[in-house]
Chemist: 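Please find one structure pasted underneath; my questions will follow.
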Amino acid sequence: MEDWRAWAVKAAEWGFDYRAGLRDLPVRPPVQPGEIAAKIAPSPPEQPEPFERVFADFEHIIAPGMTHWQHPRFFAYFPSNSAPASLIAEHLASAINAVCMLWQTSPAATELETKTIDWLRQAFGLPEAFKGCIQDTASTATLAAVLVMRERALNFTGNAAGLSGAPRLRIYCSAEAHSSIDRAVWFSGIGADNLVRIPINGPLRGADPNALRALIRADIDAGYKPAGVIANVGATGIGATDPVGELVKVAHEHDLYVHVDAAWAGAAMICPEFRTLWEGVERADSIIINPHKWLGAQIHCSAHFVRDPSSLTRTLAARPDYLHTLGLDEVVNYSEWGVPLGRQFRALKLWFVLRAYGLEGLRAMIRNHVAWSRMLCEKLRGADGFEIVTAPMLSLFSFRYAPTRADDLDALNLRLVEAINADGRIYLTQTRVDGRVAVRFQAGQFECTEDDVMSAYGVITEIASTL
Ligand code: PLP
């Protein structure tokens with residue numbers, strides 16, 4: 001491509017200007033399904049096109065049709081931050097574009113991954129016994145963990161023999177657990193019918209350890225083979241958090257493997273004052289935390305900590321001749337720790353972010369988000385017609401608009417979410433709590449300010465008054 005240098009500079013400048021101008025854009029674009037596709041040529045060009053035209057189409061067709069996840073008033077789902085330092089690292093990593101599957105295909109990337117994962121381990125206050133790697137997503141890390149549960153329970157015979165004829169395995173998690181856990185049990189062949197829901201109990205809607213003990217015993221009596229437990233720290237709907245240490249204790253009484261899903265909330269564990277939320281985690285077998293959510297390292301960047309890497313490699317490593325590193329049998333080959341073979345160079349962005357902001361910088365950001373979210377929650381609690389459904393878990397809470405005149409509150413709150421998102425000044429999503437619709441609010445965007453968070457009050461109450 002001609003003028004690569006000039007276009008690379010233009011792209012970097014575009015990114016800078018885009019970020020600088022985000023506050024003036026609607027968070028969710030005002031587009032209809034099919035509208036963007038209709039503007040894209042039906043077939044690829046036979047001849048090269050001038051790059052001006054390619055870039056102009058990006059600016060005029062694609063960018064305006066994107067939901068702006070880096071918008072400071074993005075309060076939906078969970079954040080997916082891309083700090084400027086991460087963005088710069090990604091540019092460098094994509095220039096190199098190494099496939100980081102083996103040490104020899106990416107020596108520096110492999111060794112930096114080992115180091116940055118250990119930096120994160122220290123940052124989260126986890127014991128030295130934990131090793132880890134950077135997976136693409138929490139979903140594949142959880143799949144890897146469930147496959148390990150399956151193989152341990154079957155004495156590492158499942159990969160060879162399959163599941164027919166094997167004892168029926170059981171996995172336990174609470175009803176609040178993320179859908180990636182349901183999918184992991186489907187994909188592992190264990191099956192949704194063998195995912196047992198532990199009743200919830202207590203203020204953070206965590207799984208009841210006594211109920212877990214009773215479920216395991218009943219399953220053993222009925223001829224099932226319990227294989228593992230998945231504990232939530234900050235589940236997606238409302239931030240439900242299990243008593244991790246107590247679940248680990250029950251699980252380990254039966255030699256079950258425990259995986260902790262702290263995909264979102266784990267980032268906050270860089271602040272020592274929040275670590276009571278996952279007390280006992282040091283005895284878990286596996287933990288997933290997504291720096292690509294709340295720590296500024298852009299997607300994909302999921303930190304997967306394990307106590308015993310050999311259980312992962314025994315389950316997942318395939319070693320055909322073409323993947324051998326001749327003369328270096330002892331090196332770490334991170335593709336053996338996960339599902340995909342090809343892997344991006346993900347450690348660079350983490351390294352850049354940790355160094356550019358420092359743990360204190362990242363802690364300050366997270367503490368601000370938590371404090372501002374609590375302030376907004378209190379303000380909404382006092383607003384006419386509003387009720388708080390679940391109290392803040394870190395920076396996530398849920399509320400409902402419940403004016404006395406309304407009869408169908410679920411429909412009203414779904415209309416409220418849609419009207420807010422169509423308005424565009426802020427972006428929110430909904431969930432269900434005890435079967436009833438609630439509106440979720442979370443603050444977590446890297447550049448959001450107290451004013452951005454508190455501006456949500458005016459938008460929510462103004463739009464609610466028009467329904
Ligand atoms: N676990 C929790 C608690 C989540 O909130 C999410 C996504 O939001 C996931 C797992 C899945 O994360 P990923 O998109 O990295 O697979």
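In what follows, residues are counted from 1 in the order of the sequence shown. For ligands, and for the atoms within them, numbers begin at 1 and follow the listed sequence.
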Chemist: For Glu253, I'd like to know if atom CD has over 12 heavy atoms of other residues, nucleotides or ligands within 6.0 Å.
Modeler: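 Enclosed: over 12 neighbouring heavy atoms sit under 6.0 Å from CD of Glu253.
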Chemist: Assess whether atom CZ of Phe16 is packed by more than 12 heavy atoms of other residues, nucleotides or ligands within 6.0 Å.
Modeler: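 Incorrect, the count does not exceed 12.
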Chemist: I want to know whether Tyr18 and His68 have ring centres closer than 6.0 Å.
Modeler: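 So the answer is yes for these two rings.
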Chemist: Under 4.0 Å between a side-chain nitrogen and a carboxylate oxygen: does that hold for Lys249 and Glu246?
Modeler: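 No.
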Chemist: Checking a contact table here: which protein heavy atom is nearest atom 13 (P) of ligand 1, and how many Å away?
Modeler: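 In this structure, atom 13 (P) of ligand 1 has Ala138 N, 3.6 Å as its nearest protein heavy atom.
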Chemist: If you count the atoms of ligand 1 from 1 in the order shown, which ones are under 4.0 Å from a heavy atom of Ser180?
Modeler: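 Result: 10 (C).
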Chemist: I want to confirm something. Looking only at heavy atoms, which of Asn290, Thr140, Thr236 is nearest to atom 3 (C) of ligand 1?
Modeler: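 It is Thr236 whose heavy atom sits nearest to atom 3 (C) of ligand 1.
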Chemist: What's the shortest distance from atom 16 (O) of ligand 1 to any protein heavy atom, and which residue and atom give it?
Modeler: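 Protein heavy atom with the smallest distance to atom 16 (O) of ligand 1: Ser139 OG, 2.5 Å.
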Chemist: More than 12 heavy atoms of other residues, nucleotides or ligands under 6.0 Å from CZ of Arg183: yes or no?
Modeler: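 No, CZ of Arg183 has 12 or fewer neighbouring heavy atoms, counting only those of other groups under 6.0 Å.
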Chemist: How does Phe78 reach ligand 1, by side chain, by backbone, by both or by neither, if only non-hydrogen atoms under 4.0 Å count?
Modeler: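 For Phe78, only side-chain atoms sit under 4.0 Å from ligand 1.
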Chemist: Using a 4.0 Å cut-off to any heavy atom of Asp261, which atoms of ligand 1 qualify?
Modeler: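 The atoms of ligand 1 under 4.0 Å from a heavy atom of Asp261 are 1 (N), 2 (C), 3 (C), 10 (C).
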Chemist: If you measure from atom 12 (O) of ligand 1 to every heavy atom of His292, His300, His178, Lys293, which option wins on shortest distance?
Modeler: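 Considering heavy atoms of His292, His300, His178, Lys293, the nearest to atom 12 (O) of ligand 1 sits in Lys293.
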Chemist: Looking at Arg205 and Asp434, is there a salt bridge between them, counting it only when a charged N and a carboxylate O are closer than 4.0 Å?
Modeler: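 A salt bridge is present here (some side-chain N lies under 4.0 Å from a carboxylate O).
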